[in-house]
> 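Would you mind keeping the following structure in view while I ask a few things?
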Amino acid sequence: MTSRPYPQSTVAVRDAATVVVLRDDGGALEVLLLRRHHGHVFGAEADVFPGGAVDAADIELTRAAGLPDGAARMAGLRECFEEAGLLFAAPAIDAGLSSAWRAELNGGRRDWAGVIAALGLRLDLSAPLAFASWTTPPGRPRRYATRFYAMAAPAGQTAIADGRETVAAEWVRPKTALAQADAGERWLMTPTRATLERLTYYGDTASALAGLAWGNKHDGFQRAHR
C-alpha cells in the first residue's frame with residue numbers, strides 16, 4: 001500500500017513526551033504498553049508507551065521550574081494520567097478519587113492545572129529519567145520531536161486504558177513484546193521497538209533505569225524514525 005504524500009512544508013514539528021513505565025513482576029522486568037485507538041491519524045492501533053504532545057498549559061505550568069525540558073516532563077506525567085490512569089504525584093490519592101478526576105480531565109471539564117490545584121498535588125519534574133529523543137521524519141501527516149523518559153510504576157496503582165485514545169493497557173516483558181510483534185500480533189513503531197530492544201538487556205527496574213541513565217550520559221540517543 002502506497003502512503004499518501006504530505007508536503008513537509010505544511011507539517012510543523014511539535015514537541016512531545018513519552019514515558020516508559022517499568023515494574024518488576026515475578027522476578028522479571030515488565031513495561032507498560034498501551035494500544036492506540038484505530039481512529040488515530042498517527043500510529044493507529046500501534047502498541048506504544050504513554051505519551052503525547054506538549055500543550056500550552058504544560059509550558060505555563062513549568063515556566064519557573066528551571067528545567068530546559070520542563071514542559072515535556074510535565075506533558076509526560078499528564079499523559080500517564082490521561083491515557084493510563086497512573087498518577088506520578090504526592091500525596092497518594094484514593095483510586096476512586098483518582099478515577100473521578102481523570103474522567104473530569106479527559107472529559108474536558110477540568111484542565112490539568114485545575115486537577116493539580118484541586119487535589120493539592122506535588123509533581124517532581126526531576127523524577128522522569130530522560131534517555132532518548134526521536135523526531136518523526138518529513139513526509140508524515142504529523143511530526144513530533146519526542147523526548148523519551150523512564151520511570152518506575154507508582155506503587156499501588158493500576159494502569160487502565162482511557163477507552164478513547166487508548167483501548168488496552170498491558171504489562172509485558174520486553175522480549176515477549178518483541179516476539180509477539182515479529183509474529184504479527186502487535187504493531188510497534190520504530191522508537192517503541194528500539195526501546196524494547198534496549199530493555200531486553202536488563203533484568204529489573206533498578207538495573208534498567210541505571211543502564212538507560214548511563215547510556216544517555218555516554219552515548220546520547222537521538223534518532224529520526226520512520
Side-chain angles (χ1 to χ4, degrees), residues 3 8 11 13-25 28-36 40-54 69 72-73 75-77 79-80 83-84 86 127-153 159 165-166 168-226:
S3 60
Q8 69 179 78
V11 181
V13 179
R14 296 188 63 187
D15 288 332
T18 286
V19 181
V20 180
V21 185
L22 306 170
R23 76 173 188 184
D24 299 327
D25 185 70
L29 176 68
E30 292 187 333
V31 61
L32 177 64
L33 288 179
L34 304 176
R35 176 76 46 91
R36 289 173 65 84
H40 278 283
V41 172
F42 188 88
E45 297 186 312
D47 286 345
V48 299
F49 309 116
V54 173
D69 61 339
R73 290 170 177 270
L77 297 180
E79 291 285 351
C80 280
E83 292 187 337
L86 297 179
L129 169 66
F131 71 91
S133 178
W134 290 81
T135 300
T136 315
R140 296 292 174 142
R142 292 183 183 175
R143 299 187 64 201
Y144 298 95
T146 305
R147 296 176 184 267
F148 274 56
Y149 301 93
M151 298 186 74
E165 292 191 41
T166 62
E170 180 182 2
W171 292 99
V172 62
R173 297 181 184 184
K175 286 184 179 179
T176 300
L178 291 167
Q180 291 169 339
D182 290 340
E185 298 169 9
R186 296 181 185 274
W187 177 46
L188 302 174
M189 291 188 286
T190 300
T192 309
R193 173 177 279 277
T195 302
L196 289 169
E197 289 172 348
R198 293 185 76 182
L199 292 174
T200 62
Y201 292 98
Y202 307 110
D204 56 29
T205 298
S207 63
L209 292 174
L212 292 174
W214 187 94
N216 181 50
K217 180 178 179 180
H218 292 83
D219 302 330
F221 197 65
Q222 298 193 6
R223 302 283 180 85
H225 69 87
R226 296 187 182 278

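Index from 1, following the sequence.
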> In chain order, what residues pass the salt bridge (Lys or Arg N to Asp or Glu O under 4.0 Å) check against R186, with sequence neighbours excluded?
D47, E170
> Sequence neighbours excluded, which residues qualify as side chain to side chain contact (heavy atoms under 4.5 Å, CB included) partners of A127?
D124, M151
> Evaluate T18 against W134 for side chain to side chain contact (heavy atoms under 4.5 Å, CB included), listing each step before the verdict.
CA-CA 10 Å; T18 286; W134 290 81; over 6 Å; no
> I'd like to know whether T192 forms a side chain to side chain contact (heavy atoms under 4.5 Å, CB included) with F49, so could you lay out the CA-CA distance, the side-chain angles of the two residues, the decisive distance to 0.1 Å, and finally the verdict.
CA-CA 7 Å; T192 309; F49 309 116; 3.8 Å; yes
> Taking all heavy atoms of V13 and all of A145, pick out the closest pair and write down the distance.
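Here V13 and A145 meet closest at CG1-N, 3.6 Å.
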> With no hydrogens and no angle check, is any side-chain donor or acceptor of T166 less than 3.5 Å from a backbone partner on L34?
no
> Provide the closest heavy-atom pair for A177 versus L188 in the form atom of the first, atom of the second, distance.
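Of all heavy-atom pairs spanning A177 and L188, the closest is O-CD1, 4.1 Å.
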> Say you draw a straight line from CZ of R143 to CZ of R14; how long is it, rounded to the nearest 0.5 Å?
14.0 Å
> To the nearest 0.5 Å, how far apart are OG in S207 and CG in D24?
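Reported value, rounded in 0.5 Å steps: 8.0 Å.
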> According to side chain to side chain contact (heavy atoms under 4.5 Å, CB included), who are the partners of A75, at least two apart in sequence or on a separate chain?
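In terms of side chain to side chain contact (heavy atoms under 4.5 Å, CB included), with neighbours along the sequence ignored, A75 is linked to A17, V54, D58, R78.
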> Can you tell if the side chain of Y149 reaches within under 4.5 Å of the side chain of L129, non-hydrogen atoms only?
no
> Does any non-hydrogen side-chain atom of T146 lie less than 4.5 Å from one of T135?
no
> Looking only at heavy atoms, which two atoms of A153 and R23 are closest? And how far apart?
CB-CB, 4.2 Å
> Among residues at least two apart in sequence or on other chains, which ones pass side chain to side chain donor-acceptor pair (under 3.5 Å) with D15?
none
> Evaluate the side-chain proximity of V172 to Q180: yes if any heavy-atom separation is below 4.5 Å, no if none is.
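A side-chain contact under 4.5 Å exists here.
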> Among residues at least two apart in sequence or on other chains, which ones pass side chain to side chain donor-acceptor pair (under 3.5 Å) with R147?
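Checked R147 against side chain to side chain donor-acceptor pair (under 3.5 Å); zero matches.
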> Show the nearest heavy-atom pair for residues A208 and L22, with the distance to one decimal.
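For A208 versus L22, the nearest heavy atoms are CB-CD1, 3.9 Å.
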> Would you say L196 and V31 make side-chain contact, with heavy atoms under 4.5 Å?
yes
> Look at the aromatic rings of F148 and F131 and report parallel, tilted or perpendicular, splitting at 30° and 60°.
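Answer is perpendicular, since the angle exceeds 60°.
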> Please list all pairs meeting salt bridge (Lys or Arg N to Asp or Glu O under 4.0 Å) that have one or both residues in residues 173-184, counting only residues at least two apart or in different chains.
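Residue pairs passing salt bridge (Lys or Arg N to Asp or Glu O under 4.0 Å), neighbours aside: D182-R193.
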> List the steps, then state whether side chain to side chain contact (heavy atoms under 4.5 Å, CB included) holds for M189 with V48.
CA-CA 8 Å; M189 291 188 286; V48 299; 3.6 Å; yes
> My understanding is that only residues two or more places apart in sequence, or in another chain, count here; which of them pass side chain to side chain donor-acceptor pair (under 3.5 Å) with E197?
none
> Scan V20, T195, L199 and name whichever one has a side chain to side chain contact (heavy atoms under 4.5 Å, CB included) with L212.
L199
> Could you tell me which non-hydrogen atom of P50 sits nearest to which non-hydrogen atom of C80, and how far apart they are?
CB-SG, 4.0 Å
> Would you please name every residue forming a side chain to side chain donor-acceptor pair (under 3.5 Å) with D25, sequence neighbours left out?
none
> Drop me the distance from R35's CZ to E45's CD, to the nearest 0.5 angstrom.
7.5 Å
> Would you say E83's side chain and G51's backbone share a donor-acceptor pair under 3.5 angstrom?
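Pair found, side chain donor or acceptor close to backbone of G51.
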